[in-house]
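Note on naming: letters A, B, ... go to the chains in the order of the sequence lines (proteins, then strands), and numbering restarts at 1 for each one. Note that the structure is a prediction, hence the values are computed from the model and not measured.
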Amino acid sequence: MELLCVILVIIFLFLPIVWIFITAFKPDAATYTTSVIFKATLDNFKTVFGSSFNLGKYYSNSLIVVLVTLLITIPISILASYSLSRFKMKGKQFFMFAILATQFIPLIVNVIPFFIMFREWGLLDTTLALIIVNLGHTIPYAIWLTKGFIDRIPVDIEEAASIDGANRLQVLWRILLPLAMPGIITATVFCFVITWNEFMFALVLTQQEAVTLPVALSFFTGEKGVMWNQMAAAGIIFVLPTIIFMLLVRKQFVLGMTSGGVK
Amino acid sequence: MKNRLFKYSLLAPALILIAATTFYPLMRSFWISLHEWDLKESTEIGSFVGVNNYLRAFSDIQFWHSVGVTFIFATSTVLLTLTLSIIVALLLSKDKKYLSYIRAVLIIPFAMSPALIGYSWRFMLNSDYGLFDKIIGILIPPLSDIVWLGTSTTAMLALISVVVWIWLPFMSLMFISGLIGMPEEVFEAAKVDGANTLHIIFKITLPMLRPIILIASILMVMFTLKAFDPVVTLTHGGPGNSTEVLNYFIYKTGFRYFDMGYSAALGYILAFITIIFVFVYMRKLAKGDDWN
């Protein structure tokens with residue numbers, strides 16, 4: 001009975017994924033059937049990288065947006081959460097609450113002024129525009145996540161190191177950073193996922209040049225009808241990095257989300 | 001003095017970026033919400049109308065419709081996800097070898113992009129060649145002729161199911177991490193005292209999971225009120241406007257009709273609803289008279 005329930009859960013959660021995977025290898029003729037017997041082909045993967053879909057370009061757009069966003073977000077958030085965790089400051093509670101509260105506000109509210117500003121500055125349809133808007137979303141999350149982890153590291157360790165003659169930044173770099181690594185990794189993965197999958201900004205702020213992968217998926221539902229097998233192929237290439245990342249840091253990630261919320 | 005300079009210089013870059021990418025646009029958006037502005041007609045902000053855009057929402061049938069849609073969508077999704085993920089967590093948290101493998105891969109569905117999931121479910125729900133349509137047709141033959149995304153009720157059901165599908169694995173993992181951390185002795189003591197499984201679940205497990213249930217529900221409320229990708233990719237708010245949640249309605253007002261002032265005002269109304277909801281919910285749950 002219990003085993004049966006477990007199997008049902010697994011089917012419910014994994015059948016759609018398996019089906020996307022199977023569809024990606026289907027030739028056109030078999031796509032619009034539920035048949036699982038067909039001659040597997042790699043054509044779909046070739047087509048999506050061809051000139052008509054240009055997945056390579058969208059892929060590099062997505063990579064640029066994610067990498068630059070992370071390169072800015074992570075160091076800046078580590079410094080900020082260290083400062084927030086270790087020093088007394090006026091209005092600290094208020095600040096922490098304010099950056100959390102911004103997450104209650106639907107992002108669409110910020111998309112409106114950004115759309116207007118980027119239009120004035122000629123930044124619509126650029127990856128730079130996407131990086132800017134993403135930062136507003138990733139930095140607050142990264143600060144909350146890493147601060148929770150740094151709070152748990154005993155201050156004694158730092159004091160011992162500074163008695164031994166290390167200066168503040170050395171302590172931060174050599175002692176604190178390695179200890180806070182699980183938190184930093186959690187924050188990195190979390191920010192990777194929200195930026196990599198980000199859909200609304202990309203939908204509103206890009207058109208052709210700076211289109212990222214989630215929006216590019218809609219191009220498969222174009223005038224020629226819906227090409228599910230090709231979309232599935234593109235989809236697999238698109239989600240693979242996230243799946244690998246998530247599997248690598250699964251434990252820290254769940255822990256980070258749970259404890260980050262408790263704090 | 002040096003200390004002061006140090007702590008603020010560490011914080012400064014983050015402060016500046018948050019101010020520039022969040023607070024400034026929020027202020028500007030609020031300013032826009034107080035004006036009339038049809039972007040189709042002018043690139044310049046229109047005349048100041050004060051709270052008119054906010055008042056306009058109250059007499060807008062479309063707005064109330066989408067408040068209703070949002071309410072149905074959010075409450076069903078949150079309740080279903082929480083209930084199911086607790087059940088799944090109870091099923092999968094036992095100390096068995098094969099369950100630990102299943103737990104390890106449970107994050108995979110969550111790692112999928114919501115946009116891809118939306119499109120894929122649209123494919124799988126298709127009444128001509130969709131896998132799920134076929135499966136349901138075989139299991140429950142009377143349901144085989146339903147065009148799932150074609151009628152208001154079934155499209156809403158589909159949207160709710162897909163969003164539950166997206167969040168179930170992650171929420172289950174949160175509850176599993178809570179369940180695994182629980183001391184075994186409590187359960188053994190209860191068993192010795194002759195408590196049955198249901199008794200243990202309701203009297204011991206659930207109360208001990210309270211903090212996680214609280215976080216999970218707040219996160220879920222936030223996520224469902226902001227849901228966008230699944231709505232666009234699965235139903236496009238349709239058929240008609242039957243799955244048009246507030247977030248999508250705001251998007252349509254802003255970027256389909258280019259009614260910027262009204263759209264910004266609607267955004268603030270949704271923000272207000274979210275904050276009230278989370279606040280009331282937190283207080284109620286924190287008091288803890290909901291179960292026991």
Side chain proximity check, B:Thr22 to A:Ile139, heavy atoms < 4.5 angstrom: no
Region of A:Leu240 in contact with chain B, defined by heavy-atom distances below 4.5 Å: neither
Which portion of A:Thr73 sits near chain B, non-hydrogen atoms under 4.5 angstrom: neither
A:Leu3 side chain reached by B:Tyr98 side chain, heavy atoms, under 4.5 Å: yes
Taking every non-hydrogen atom, the tightest pair across A:Ser83 and B:Leu11: OG-CB, 4.0 Å
Largest heavy-atom contact set with chain A, pairs under 4.5 Å, which of B:Ile107, B:Leu168, B:Ile117, B:Thr274: B:Ile107
Contact class of A:Ala98 relative to chain B, heavy atoms under 4.5 angstrom: both
Distance flag, aromatic centroids of A:Phe220 and B:Tyr119, threshold under 6.0 Å: no
N/O donor-acceptor pair under 3.5 Å between B:Trp165 side chain and A:Phe12 backbone: yes
Shortest non-hydrogen contact between A:Leu247 and B:Ala104, atoms and distance: CD2-O, 3.4 Å
Any side-chain heavy-atom pair of A:Pro16 and B:Phe132 under 4.5 Å: yes
pair B:Leu39-A:Arg119: side-chain heavy atoms closer than 4.5 Å: yes
Side chain / backbone / both / neither for A:Val215 at chain B, heavy atoms under 4.5 Å: neither
Which atom of A:Pro106 lies closest to which atom of B:Asn247, heavy atoms considered: CB-OD1, 3.8 Å
For chain A, the option from B:Phe272, B:Trp31, B:Tyr8 that forms the most heavy-atom pairs under 4.5 Å: B:Tyr8
A:Phe87 and B:Phe6 aromatic ring geometry - parallel, tilted or perpendicular at 30°/60° bounds: perpendicular
Side chain / backbone / both / neither for A:Leu135 at chain B, heavy atoms under 4.5 Å: both
Residue, of B:Val105, B:Val221, B:Thr233, B:Leu266, that accumulates the most heavy atom pairs under 4.5 Å with chain A: B:Val105
Structural part of A:Leu84 lying under 4.5 Å from a heavy atom of chain B: side chain
Partner chain A: residue of B:Met112, B:Lys226, B:Lys134 with the largest heavy-atom pair count (under 4.5 Å): B:Met112
Side-chain touch A:Met231/B:Phe123, heavy atoms, less than 4.5 angstrom: no
Test side-chain contact (heavy atoms from CB on, under 4.5 Å) applied to A:Ile108 and B:Leu270, step by step: CA-CA 10 Å; A:Ile108 189 82; B:Leu270 177 57; 5.7 Å; no
Segment of A:Val133 engaging chain B (4.5 angstrom heavy-atom cut-off): neither
Shortest non-hydrogen contact between B:Ala264 and A:Ile112, atoms and distance: N-CD1, 3.6 Å
Contacts with chain B made by residues 193-201 of chain A (heavy-atom distance under 4.5 Å), listed by residue number: A:Asn197, A:Phe199, A:Met200
Heavy-atom pair of closest approach, residues B:Pro25 and A:Pro113: O-CG, 3.2 Å
Within-4.5 Å side-chain heavy-atom neighbours: B:Ser120 and A:Trp19: no
Max heavy-atom pair count under 4.5 Å with chain A, selected residue of B:Ile275, B:Ile250, B:Leu26: B:Leu26
Side-chain touch B:Leu131/A:Leu15, heavy atoms, less than 4.5 angstrom: yes
B:Lys7 (side chain) donor-acceptor with A:Lys88 (main chain) under 3.5 angstrom: yes
Gap between atom CE of B:Met124 and atom CD1 of A:Ile20 - 0.5 Å precision: 5.5 Å
Verdict with supporting geometry, A:Leu203 and B:Tyr251, side-chain contact (heavy atoms from CB on, under 4.5 Å): CA-CA 11 Å; A:Leu203 185 69; B:Tyr251 161 78; 3.4 Å; yes
Note, A:Ile143 side chain near B:Ile18 side chain (heavy atom, < 4.5 Å): yes
